[in-house]
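Worksheet: one structure, shown below.
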Amino acid sequence: MSDRSESLGTERISKLMFKFCVPCIMSLLVSALYNIVDQIFIGNSELSTLGNAATGVVFPVFVIAQAFAWGIGDGVAAFMNIRQGRSDTGKIHNCVGSGITVTFAASIVIMAVFFPVNRSALMLFGASDKTIDMALEYFNVILAFFPAYMLSNMINSVIRADGSPSWSMISTLSGAAVNLVLDPVFIFACKWGMAGAAWATVIGQSVSLAVCIVYLFRTKTFALKPKSFVPDMRVFWESFKLGASSFVTQMTIVAVALVGNMTLAKYGAASHYGSDIPIAVMSIESKVFTVVINIVVGIVLGSQPIIGYNVGAENVSRVKSLYKANLICAVAVGLISTVIFEAAPDAVAAIFGKPTNIPNTDDYWDFARKTFRIFLSLVSFTCIVKMSAIFFQAAGRPIFAVVTSLTRDILCFVPLICILPLFYGVEGVLIAAPVADAIAMALNIVFTAVFFKGIGVAGKNAAKTAWEQ
């Protein structure tokens with residue numbers, strides 16, 4: 001076993017988390033910038049609010065692709081780290097190679113499914129007569145490059161699990177930098193509109209993939225061979241079960257976005273806001289929310305090698321200490337975000353441009369304030385629930401992870417956004433989020449208690465804080 005792997009079981013937890021989590025957070029934040037940068041430039045161009053609404057209806061398909069990429073990648077990563085903890089690394093190259101092959105195949109299937117039905121799919125996701133052409137212009141370019149997008153996301157999980165979070169950060173940072181440079185060139189200078197934003201994004205994604213591929217020739221704990229890419233379905237299935245929480249979490253976001261956009265379009269049209277303003281504002285909210293959640297996800301995914309190793313080594317006292325440390329960080333991120341959303345919602349929304357191509361701009365700002373102050377009022381609870389789900393996944397408890405993931409979005413939020421608008425109109429969608437967060441948080445406390453009782457955490461070391469151990 002390498003000294004690097006052994007340090008996961010002995011090094012001070014705070015030092016390990018700083019080493020692994022900071023690059024992972026930066027990597028995921030930069031990844032979130034892809035869509036955010038597009039939306040900022042689109043919102044500040046002549047495309048304005050309707051352009052932002054158009055990107056909002058494309059978002060669910062992005063998340064479907066990400067569900068497969070993260071589900072496969074995070075599963076492979078958990079498999080790697082748990083096997084490292086057990087000093088059993090022989091099958092890691094099969095798992096990684098199989099994951100890459102299956103990810104590529106999934107990207108081709110998604111393209112084949114959505115290209116023939118692109119217009120009807122986007123209309124289902126909430127596009128209006130005013131936004132459908134812009135949405136199609138953006139969507140068709142993005143969809144054609146899904147293999148690069150999905151493979152770069154999947155391989156980045158492997159790179160972090162291999163002990164190279166900085167390389168993963170460089171991969172996403174290089175792609176985002178390219179996107180940031182090309183967006184204003186294509187949108188403003190070349191006047192390519194929505195297609196320009198899409199081309200800037202996919203070129204950046206291709207650069208990220210190229211950096212990932214270079215890493216595969218310099219791995220630390222495994223070496224890929226041509227036969228590694230022949231899917232070993234037994235090994236792959238073992239890893240995918242570990243990544244099921246990531247897959248389910250992302251697919252629940254698709255369900256939430258689909259039902260949410262349909263509800264916003266229906267009840268928005270019946271209100272003084274109209275259908276496009278609520279969808280445009282919620283599109284912005286989803287990007288801002290992604291930044292907050294990616295910080296939390298970056299913390300726990302950065303901790304994944306440490307969690308997986310100590311679970312594999314049956315060092316349960318350190319597992320409990322890791323959960324405490326992750327919990328403290330998630331709460332801090334949630335509370336800081338809440339203060340910003342409650343105190344300065346206009347400033348957050350204004351980053352994405354001022355509305356120019358809608359009849360009543362006052363309605364836009366009114367709905368934006370309500371969205372950030374009500375919809376995200378209990379974002380701290382969301383952070384804790386998401387953190388717990390990924391923690392359980394990294395600890396090799398996929399059932400706990402999946403149930404935790406489903407509780408907030410599918411069991412609570414989706415029914416609420418169908419019921420509450422019957423009484424409160426379009427604002428019912430906003431009220432549904434904090435109610436779902438409160439219920440999910442209560443259940444998460446129960447799940448966490450059962451989880452730690454199940455793995456038998458005990459002893460005097462378990463009483464130490466994460467920063468003392």
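Computation of the quantities below employed the complete heavy-atom set of this structure, encompassing side-chain atoms and omitting hydrogens, waters and symmetry-equivalent molecules. Position 1 is the first residue of the sequence, and the numbers go up from there. What you see is a predicted model; the values in this text were computed from it and never measured.
- Residues Val319 and Asn315 have side chains not in contact (no heavy-atom distance under 4.5 Å, counting atoms from C-beta outward).
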Item to complete: Apply the test side chain to side chain contact (heavy atoms under 4.5 Å, CB included) to residues Asn444 and Arg408: give CA-CA distance (whole Å), side-chain angles for both, the deciding distance (0.1 Å), then the verdict.
Response: CA-CA 9 Å; Asn444 184 72; Arg408 190 264 181 189; over 6 Å; no
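- Between Phe62 and Phe146, the angle of the ring planes lies from 30° to 60°, which puts this pair in the tilted group.
- Side-chain atoms of Trp365 and Asp346 include no donor-acceptor pair closer than 3.5 Å.
- With rounding to the nearest 0.5 Å, the separation of SG in Cys329 from CD1 in Ile384 is 12.0 Å.
- Between Met150 and Phe68, the closest side-chain pair of non-hydrogen atoms falls below 4.5 Å.
- In this structure, the separation between OG1 on Thr448 and NZ on Lys320 is 11.5 Å, given to the nearest 0.5 Å.
- Applying side chain to side chain contact (heavy atoms under 4.5 Å, CB included) to Cys212 and the options Thr172, Leu151, Asn156, Asn153 leaves one that passes, Asn156.
- One side chain, Tyr215 or Ser164, offers a donor N or O that lies under 3.5 Å from an acceptor on the other.
- When all heavy atoms of Leu416 and Ala436 are compared, the pair lying nearest together is CD1-N, 3.8 Å.
- For the pair Ile417 and Val256, the tightest heavy-atom approach, listed with the atom from each and the gap, is CD1-O, 4.3 Å.
- Heavy-atom minimum distance, Ser206 versus Phe145: OG-CD2, 3.8 Å.
- Nearest heavy-atom pair across Arg160 and Cys24 is CD-SG, 3.2 Å.
- The one candidate from Phe375, Phe413, Phe381 that meets the side chain to side chain contact (heavy atoms under 4.5 Å, CB included) condition with Asp437 is Phe381.
- Judged by distance alone, the side chains of Ser107 and Tyr149 never bring a donor and an acceptor atom under 3.5 Å apart.
- Considering CZ of Phe247 and CG of Asp74, their distance stands at 12.5 Å, rounded to 0.5 Å.
- Here CG of Asn326 is found 11.0 Å from OG of Ser321. Values are rounded to the nearest 0.5 Å.
- With hydrogens and angles disregarded, no donor-acceptor distance shorter than 3.5 Å links the side chain of Thr131 to the backbone of Leu50.
- Other residues, nucleotides and ligands contribute more than 12 heavy atoms inside 6.0 Å of the CE atom of Met441.
- Aromatic ring centres of Tyr323 and Phe452 lie closer together than 6.0 Å.
- Contact annotation: the side chain of Val426 never approaches that of Pro421 to less than 4.5 Å [non-hydrogen atoms, C-beta and beyond].
- Taking OG of Ser286 as the reference point, atom CZ of Phe59 lies at 4.5 Å (rounded to 0.5 Å).
- For Gly51 against Met194, the heavy-atom pair with the smallest separation is O-CE, 3.7 Å.
- Using a 4.5 Å cut-off on side-chain heavy atoms (C-beta onward), Glu342 and Ser377 make contact.
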Practice prompt. Using the side chain to side chain contact (heavy atoms under 4.5 Å, CB included) rule, take Phe367 and Leu264 through it: C-alpha gap first, then chi angles, then the decisive distance, then the call.
Written response: CA-CA 12 Å; Phe367 196 80; Leu264 289 169; 4.3 Å; yes
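- With Phe20 as the aromatic partner, Lys15 does not meet the cation-pi criteria of under 6.0 angstrom to the ring centre and within 45 degrees of the ring axis.
- Counted within 6.0 Å of OH on Tyr424, heavy atoms from surrounding residues, nucleotides or ligands total 12 or fewer; the atom is thus considered open.
- Tested against Ser168 for a side chain to side chain contact (heavy atoms under 4.5 Å, CB included), the candidates Leu173, Ile159, Leu301, Val158 yield a single pass: Ile159.
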Discussion item. As a quick check of understanding, evaluate side chain to side chain contact (heavy atoms under 4.5 Å, CB included) for Val96 and Met80, giving each step before the final call.
Written reply: CA-CA 9 Å; Val96 174; Met80 290 172 62; 4.0 Å; yes
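- Side-chain contact check for Ile42 versus Thr55: some heavy-atom pair is nearer than 4.5 Å.
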Discussion item. Leu420 vs Val429, test: side chain to side chain contact (heavy atoms under 4.5 Å, CB included). Steps then yes/no.
Written reply: CA-CA 7 Å; Leu420 292 181; Val429 176; over 6 Å; no
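- Looking at heavy atoms from C-beta onward, Ser388 lies out of side-chain contact with Phe447 at the 4.5 angstrom threshold.
- Considering only residues two or more places apart in sequence or on other chains, Glu238 meets the salt bridge (Lys or Arg N to Asp or Glu O under 4.0 Å) condition with Arg83.
- For the pair Ile284/Phe289, no side-chain contact is recorded, criterion being any heavy-atom separation below 4.5 Å from C-beta on.
- Side-chain rings of Tyr364 and Tyr273 stay apart, their centers remaining 6.0 Å or farther from each other.
- Under the 3.5 Å distance criterion, with hydrogens and angles disregarded, no donor-acceptor pair is assigned to the side chains of Asn261 and Thr263.
- The closest donor-acceptor contact from the side chain of Ser380 to the backbone of Gly334 lies under 3.5 Å.
- Ionic pairing of Lys386 and Asp409 is present here: one or more N-O contacts between side-chain nitrogen and carboxylate oxygen are shorter than 4.0 angstrom.
- By the 4.5 Å heavy-atom criterion applied to side chains, Ser337 and Leu376 are not counted as neighbours.
- Note that OG of Ser166 and NZ of Lys19 are 9.0 Å apart. Values are rounded to the nearest 0.5 Å.
- Of all heavy-atom pairs spanning Ile187 and Gly196, the tightest one is CG1-C, 4.4 Å.
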